[in-house]
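Okay, structure first, notes after.
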Amino acid sequence: MSGVNTTFLGGHATKSGLPEARDRTQIDKIIQEASKGSKFYAFQQRREQRIAEKVAALQIKKTQLSTGYSKAEQETRKWLADAESRRILERTYLHIDMDAFFAAVEVLRRPELATVPMAVGGESMLSTSNYVARTFGVVAAMPGYIARKLCPHLIIIPPDYTAYRAAGAKVHEVLRSYDPNMSSFSLDEASLDITDYLARSSATPEEVTEELRGRVLRASNLTCSAGVGCSRQLAKIGSNVNKPNGQFILPPDPEKILEFLKKQPVKRINGIGKVTAKILEDLLKVVTCADIISQATWIRLLFSEIQSEFLLLSALGMGSAFGDGDGSERKSMSVERTFKKIDALSDMQVVLKKLCKRLAEDLLEEEWAGKTVSIKMKTAAFDTLTRAVTLENPVSTDEEIYKHASKLLSKNKPPDLRLLGVRLSGLTTDAPRYRCLDDFAHEPVERPSCPVCTQSIDAHPDDTLRINEHIDKCLVPQSNLVPQSKKPRRTLDAFFNKSGPL
DNA sequence: ACCCGAAGGACCC
DNA sequence: CTCCAGGGTCCTTCGTAA
């Protein structure tokens, strides 16, 4: 509408790199200008359109359901009271979040980077930025070229995951002394249950957290922020309150918890992203956690059971949503790559072949094989398609994977592509970690023999195909008898492989 | 009637 | 001028099948 807008850099401050936070609206304007007219921008617009349609549909549903509202309200009240009665206050969790982790590690090696705007990532996407860069509006998940428009002097450093892993390991070592079962979801975040530690130490949560952060700092030279609360979710939200290099302790008191949550925007809840936040706001004017509670009836009426339960429990500070299922097994392994737009099938196949090779390498490292091969295609217009086949037997070599992947590709070839990916799921492993329920009780399993029947398999150790065939038969005896269409197979794997060595 | 696989999305870091 | 990652998980919807 407003045609060319060439003056958006208008009152640009001097380039002394002084960290004076720039006006938010100005930042938005620059970002807007930078991305306007791009394919991505168009894609974004379409997405927003779809979400708007979704909201409109829900709006209609809402008016249709309005007659049953008061009855539903009774039930909701009961539900909420019931939930509240089950609130658990006895345990104490501590969530730790490293401050600008990747950037901080880089600064350790090159201290001069501390005072200049810097980000870690590639030209196309940044992983994180230091606090100087943030005053320019340069943040994680921002493409490098846009970041440069916001901050022409920005230094972009390619990520060095080996260094981050090493730094993370030092941190984890400290954390484990507070909770040996500590679960970390990523290199820079971890959730600990410090109930036992507190019981032993007789220090206050404040003191313990202070001490922990001090030890992390001494071990790694990195600062972190922490949150403490009676659920993992609350601890995580709390870790954001006094970031960076700070901590927040939320007492295990329902009143205090609700008061704290009251001010928190729903977006802070882990699991509520942009889309859900937008729908909640546009549909029900829900912005804060308190709003979720006051709109609880509509939420239960309009959203799925799982979704509404998640939202309400989260708003009460009782979300068990994440982190509890520590060390859950890997479900899939994949490789994907973005590149300059290509159109020819042959070009796509070349890329695909490389991806398959890479995937096979990764699989080999973990000795994984998988039954489902899927490919992911992203068109130049950013539309994403996935296609998959499930095989009779697990595969793991690049030839096997490519055979099926390329079939999927040629059968579904889009006119153009900007991204291609291969994924293997339905994972099984050669190592004797997966056991059938029946055989689970006895049998000390070892050696490159079959983990199930314990007999040696008549195949070379690296003939994974044949070994898997054998194991498969042992694991699912009935499935042999079923022709091929529907196997009544259950995946017991998820529950019975916890005994694996660490 | 149901389980399942496939495809599409939302989300997280 | 250059034009938005990659590796995962989980939830939902749909269709076909015995």
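Sequence lines set the chain letters: A, B, ... in the order given, protein chains first and strands last, and positions in each chain run from 1.
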Scan [X] against the nucleic acid and name what it touches under 4.0 Å (heavy atoms): base, sugar-phosphate only, or nothing.
X: A/Ser304; result: sugar-phosphate
X: A/Met333; result: sugar-phosphate
X: A/Arg47; result: sugar-phosphate
X: A/Leu126; result: nothing
X: A/Gly122; result: nothing
X: A/Glu123; result: nothing
X: A/Lys378; result: sugar-phosphate
X: A/Phe43; result: nothing
X: A/Ile269; result: sugar-phosphate

Send over the distance from [X] [atom1] to [N] [atom2], rounded to a whole Å.
X: A/Ile51; N: B/dA10; atom1: CD1; atom2: P; answer: 6 Å
X: A/Ile146; N: C/dC1; atom1: CD1; atom2: P; answer: 16 Å
X: A/Lys340; N: C/dC3; atom1: NZ; atom2: C1'; answer: 9 Å
X: A/Gln307; N: C/dT12; atom1: CD; atom2: C1'; answer: 10 Å
X: A/Phe310; N: C/dT12; atom1: CZ; atom2: P; answer: 12 Å
X: A/Arg50; N: B/dA10; atom1: CZ; atom2: C1'; answer: 11 Å
X: A/Tyr145; N: C/dA5; atom1: OH; atom2: P; answer: 10 Å
X: A/Glu336; N: C/dG6; atom1: CD; atom2: C1'; answer: 5 Å

At less than 4.0 Å, is any side-chain N or O atom of [X] found next to OP1 or OP2 of [N]? Yes or no.
X: A/Arg330; N: C/dG8; value: yes
X: A/Arg387; N: B/dG8; value: yes
X: A/Thr338; N: C/dC4; value: no
X: A/Arg337; N: C/dG7; value: yes
X: A/Ser332; N: C/dT9; value: yes
X: A/Arg418; N: C/dC3; value: no
X: A/Ser35; N: C/dC3; value: no
X: A/Ser127; N: C/dA5; value: no
X: A/Lys267; N: B/dA10; value: no
X: A/Lys331; N: C/dC10; value: yes
X: A/Thr386; N: B/dA6; value: no
X: A/Ser334; N: C/dG8; value: yes

- Item | Ring centers of A/Phe260, A/Phe248 separated by less than 6.0 Å |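 Ring centroids of A/Phe260 and A/Phe248 are less than 6.0 Å from each other.
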Should [X] and [Y] count as an ion pair when the cut-off is N to O under 4.0 Å?
X: A/Asp343; Y: A/Lys341; answer: yes
X: A/Asp160; Y: A/Arg109; answer: yes
X: A/Arg148; Y: A/Glu123; answer: yes
X: A/Arg358; Y: A/Asp398; answer: no

- Could you pick out which residue, A/Leu419 or A/Lys39, lies toward the 5' side of DNA chain C when each is mapped onto its nearest nucleotide?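 Mapping each residue to its closest nucleotide by heavy atoms, the 5'-most match is A/Lys39.
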- Of A/Phe382 and A/Val335, the one whose closest DNA chain C nucleotide lies more 5':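 Result of the comparison: A/Phe382.
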- Query: Considering heavy-atom distances to DNA chain B, does A/Asp188 or A/Val389 have its closest nucleotide positioned more toward the 5' end?
  - Reply: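 Its nucleotide being nearer the 5' end, the pick is A/Val389.
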- Counting only heavy atoms not in A/Lys62, do more than 12 fall under 6.0 Å of its NZ?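 Result for NZ/A/Lys62: enclosed.
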- Message: Checking contacts here: which listed nucleotide (C/dG8, B/dA10, C/dC3) is nearest the side-chain heavy atoms of A/Arg423?
- Response: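 The answer is C/dG8, which lies nearest to the side chain.
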- Task: Pick the C1' atom in B/dC2 and in C/dC14, then give their distance to the nearest Å.
- Result: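 B/dC2 and C/dC14 have their C1' atoms separated by 14 Å.
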